[in-house]
2 protein chains.
Amino acid sequence: MQPNAHDSTKDTRRVDLLNKAGELLAMRPTASLADIATYAGISKATLHRYFANRDDLMLALGYRALELVARAFADAEIETGSVIDALTRVSETLVPLGDKLHLLWNESLYALHPDFAAAEQATQEPMLRLIKRGQANSELRDDLSAEWLMQLIDYALFAVWVSVYEGYAARRDAARMLLTTLLDGIASRS
Amino acid sequence: MQPNAHDSTKDTRRVDLLNKAGELLAMRPTASLADIATYAGISKATLHRYFANRDDLMLALGYRALELVARAFADAEIETGSVIDALTRVSETLVPLGDKLHLLWNESLYALHPDFAAAEQATQEPMLRLIKRGQANSELRDDLSAEWLMQLIDYALFAVWVSVYEGYAARRDAARMLLTTLLDGIASRS
DNA sequence: CTATATTGAGACAATTATATCTCATTTGCA
DNA sequence: TGCAAATGAGATATAATTGTCTCAATATAG
């Protein structure tokens, strides 16, 4: 190992554990800590050394998910240029991350930590701005509220992840499918 | 009370309890049976007399939700006529029922009862047929799988219910909002 | 009005998951 | 190799919830 990986070893391990926990919780949302430890290939004791308690683990999963979303927005440079292109780039990034984000839809993390709802809203703010920009420059419909459009995009993203997860949609086709349906709707153009 | 309400009194009570339980579980998905009983204004003991255990209650909620969906499909007469009109009628019916359906998205009831997944799929079958009919008669896009379109409609319905529930969308405008966005998409038509 | 059924309140046991702790073993690093 | 840190296995304590039960109070039907 690298000499400087010393500090980051524990962090890496933590991330690995978050990934494993997320995987199992996607399959069985009520899995116990013992289940999670076993699934991750470690003992309960060690899991507790990384996450003091269950809430700690769930919140870590939640905040990690928010960070991934925030980074996706940042990397996609959504502040300028075509809004639809930006939405495409964001989708391409987020769809494959669904297995690390699903708890944002399934778990009510604000019940564990009062600040979480605010953090989630703050994370989504760039997306809301993007949508409003799209409405202002006529790329997106402006006869509907930006909040509703964001909500729909949000759940459509979840829907496409579920479709991939359950095997009804191809992983590599998912983002395209999502975008074309979301942008142009399900009705035929006549 | 009506003389003939004799038999149905318990059933009515059961339905009332399901409604109350659904309400509370929408707010706090992890509410205990004691919480539910208190919220419904009855004692734990009485709740246990109507539902033997927690799984029993959850499954009752689940199957009741499926029945409501099935009835919505039946009442909307979706087998013939315009597919888009049929989708409109179904949406008008289902959107206000969101508070009785939400656990279909949030809870993994198939874990409690192996048959539930099959029952859910059977319930959705008329909708799948409707979509396929729409694809066949060119009302709906046929360049995407019917399964994906159904999945998206499903989660879009959930999204609009959440929007209403959280106060971001008007209850009486929700179905229209859902339909126009779903059918025509979020992009501007130029 | 009276008998019967239903309910409420709460005690109680059983179950389950969580969280802490100990100690032997293993691992990684100097 | 040898030492320090990390881990595994499991015992144990704690907490929360579930499910059962009793009995008095209430409601309902005849």
Side-chain angles (χ1 to χ4, degrees), chain A residues 1-62 103 106-109 111-113, chain B residues 1-62 103 106-109 111-113:
Chain A
M1 311 208 169
Q2 303 89 346
N4 209 358
H6 204 74
D7 282 348
S8 60
T9 298
K10 277 193 107 153
D11 286 354
T12 301
R13 187 75 183 280
R14 241 181 101 95
V15 172
D16 289 346
L17 290 179
L18 288 179
N19 288 340
K20 284 292 186 184
E23 262 179 51
L24 181 59
L25 288 171
M27 293 187 282
R28 305 205 341 249
T30 62
S32 72
L33 293 178
D35 294 337
I36 293 171
T38 302
Y39 185 80
I42 63 173
S43 68
K44 288 178 287 184
T46 303
L47 182 61
H48 274 288
R49 288 185 185 106
Y50 282 89
F51 303 98
N53 50 46
R54 191 188 181 90
D55 289 0
D56 212 47
L57 171 61
M58 298 308 285
L59 276 177
L61 281 165
L103 83 162
N106 286 322
E107 223 69 32
S108 39
L109 295 170
L112 302 182
H113 193 48
Chain B
M1 310 205 170
Q2 302 87 349
N4 208 358
H6 202 75
D7 280 352
S8 60
T9 297
K10 277 193 105 152
D11 285 355
T12 302
R13 187 76 184 277
R14 241 181 103 96
V15 171
D16 289 346
L17 290 180
L18 288 178
N19 288 340
K20 284 292 185 184
E23 264 179 48
L24 181 59
L25 289 171
M27 292 187 283
R28 301 200 292 117
T30 62
S32 71
L33 293 179
D35 294 336
I36 293 171
T38 302
Y39 184 80
I42 63 173
S43 68
K44 288 179 288 186
T46 303
L47 182 61
H48 274 289
R49 288 184 186 107
Y50 282 89
F51 303 98
N53 51 45
R54 190 188 182 88
D55 289 359
D56 211 46
L57 171 62
M58 300 306 287
L59 276 178
L61 280 165
L103 84 162
N106 286 322
E107 224 67 33
S108 39
L109 294 171
L112 303 183
H113 193 48

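As the structure is a computational prediction, the values presented were derived from the model and not from experiment. Per chain, numbering begins at 1; letters A, B, ... match sequence-line order.
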May I have the distance from A/Ile36 (atom CD1) to C/dA17 (atom C1'), rounded to whole angstrom?
-> 12 Å
Within-4.5 Å side-chain heavy-atom neighbours: B/Asp35 and B/Thr38 | no
Inter-end axis angle, the helix from C/dC1-D/dG30 to C/dA30-D/dT1, with every axis fitted to five base pairs (rounded, 10 degrees) = 40°
What's the spacing between B/Lys20 NZ and B/Asp16 CG if we round to 0.5 Å?
-> 8.5 Å
Euclidean distance, atom CG of residue A/Asp16 to atom P of D/dT7 [Å, nearest integer] | 12 Å
Respond yes when some side-chain nitrogen or oxygen of A/Tyr50 is under 4.0 Å from OP1 or OP2 of D/dT7, and no when none is.
-> yes
Atom-to-atom span, CG of A/Asp56 to P of C/dT18 - whole angstrom | 13 Å
How about A/Leu25 and A/Asn106: do any of their side-chain heavy atoms sit closer than 4.5 Å?
-> no
When the distance from NE2 of B/His48 to P of D/dT22 is rounded to whole Å, what number comes out?
-> 16 Å
Is there a side-chain contact between B/Ile42 and B/Arg13, using heavy atoms and a 4.5 Å cut-off?
-> yes
Taking all non-hydrogen atoms of both residues, which atom of A/Leu24 and which atom of A/Ala31 are closest, and how far apart?
-> CD2-CB, 3.8 Å
What is the distance from CG of B/Asn53 to P of C/dT16, rounded to the nearest Å?
-> 13 Å
So do the side chains of A/Tyr39 and A/Arg28 get within less than 4.5 Å of each other, counting heavy atoms only?
-> no
Less than 4.5 Å apart, any side-chain heavy atom of B/Met58 and any of B/Leu109?
-> yes
Taking the side chain as every heavy atom from C-beta outward, state whether A/Phe51 and A/Leu33 have any pair of such atoms under 4.5 Å apart.
-> no
What one-letter contact string describes nucleotides 8-17 of chain D from 5' to 3', where B marks a base within less than 4.0 Å of any protein heavy atom, S marks contact via sugar-phosphate atoms alone, and - marks no contact?
-> BBB-------
